[in-house]
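Remember, it's a predicted structure, so these values are computed and weren't measured experimentally. Every heavy atom of this structure was used, including side-chain atoms; hydrogens, water molecules and symmetry mates were not.
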Amino acid sequence: MSELFEIKDSPGLGRGLFATKLIKKGEQILEFTGPIISFEQTLQKIPDKGNPLQIGRNAYIDLDEPGVLGNHSCSPNA
């Protein structure tokens with residue numbers, strides 16, 4: 001799938017993405033993919049049916065794997 005990361009289990013947290021090598025500044029790690037959904041559609045998914053990623057005022061990506069397994073925040077470091 002990728003030479004930069006692998007999918008593994010993390011004790012207590014479930015599955016996640018883990019780097020397999022040093023990732024250089026500016027290097028693309030992965031591309032988030034999935035259908036674009038509205039805020040109203042995200043409310044139907046939360047909390048147990050996904051973790052949509054906001055990309056606009058009323059636009060979210062309903063993340064596919066492996067993107068859904070990556071940690072993301074409003075203050076990312078990747």
Side-chain angles (χ1 to χ4, degrees):
M1 174 180 291
S2 171
E3 295 179 8
L4 294 177
F5 63 84
E6 62 186 351
I7 297 171
K8 297 190 322 186
D9 286 327
S10 177
L13 299 174
R15 294 169 56 217
L17 301 179
F18 295 85
T20 56
K21 70 175 208 168
L22 183 64
I23 299 171
K24 299 174 188 164
K25 183 177 181 178
E27 186 172 10
Q28 182 172 330
I29 300 170
L30 64 85
E31 181 177 345
F32 289 122
T33 61
I36 305 300
I37 61 175
S38 68
F39 176 71
E40 290 76 21
Q41 290 170 301
T42 67
L43 295 177
Q44 296 172 6
K45 297 187 132 317
I46 297 170
D48 62 341
K49 297 180 184 172
N51 192 7
L53 176 66
Q54 188 172 13
I55 58 170
R57 187 174 186 95
N58 188 37
Y60 297 75
I61 301 175
D62 189 11
L63 294 171
D64 293 328
E65 277 198 27
V68 72
L69 300 174
N71 292 327
H72 60 275
S73 73
C74 294
S75 198
N77 65 356

Cluster check Leu13, Ile7: I/L/V/M/F/W/Y, side chain < 4.5 angstrom
no
- [ ] Spell out, yes or no, whether Leu22 and Ile29 are grouped together once hydrophobic residues are joined by side-chain heavy atoms under 4.5 Å, including indirect joins.
- [x] no
Applied to residues 16-31, the side chain to side chain donor-acceptor pair (under 3.5 Å) test, sequence neighbours excluded, yields none
Taken to the nearest 0.5 Å, the spacing of Leu63 CG from Lys45 NZ works out to 10.0 Å
ask   = Quick check: does any side chain N or O of Asn58 sit under 3.5 Å from a backbone N or O of Phe39, one acting as donor and the other as acceptor?
value = yes
Output for pair (Ile61 CD1, Ile55 CD1), nearest 0.5 Å, gives 4.5 Å
Please check this pair: side chain of Ser38 against backbone of Gln41, looking for a donor-acceptor N/O pair closer than 3.5 Å. yes
When every non-hydrogen atom of Pro66 is compared with those of Leu17, the smallest separation belongs to O-CD1, 3.7 Å
Here the gap from Tyr60 atom OH to Ile37 atom CD1, rounded to the nearest 0.5 Å, amounts to 9.0 Å
Residues at least two apart in sequence or cross-chain that pass side-chain contact (heavy atoms from CB on, under 4.5 Å) with Ala19, listed by chain then number, are Ile23
In short, Phe32 meets Gly67 closest at the heavy-atom pair CE2-O, 3.6 Å
Distance col, row Asp62:CG vs Thr33:OG1, nearest 0.5 angstrom, shows 10.5 Å
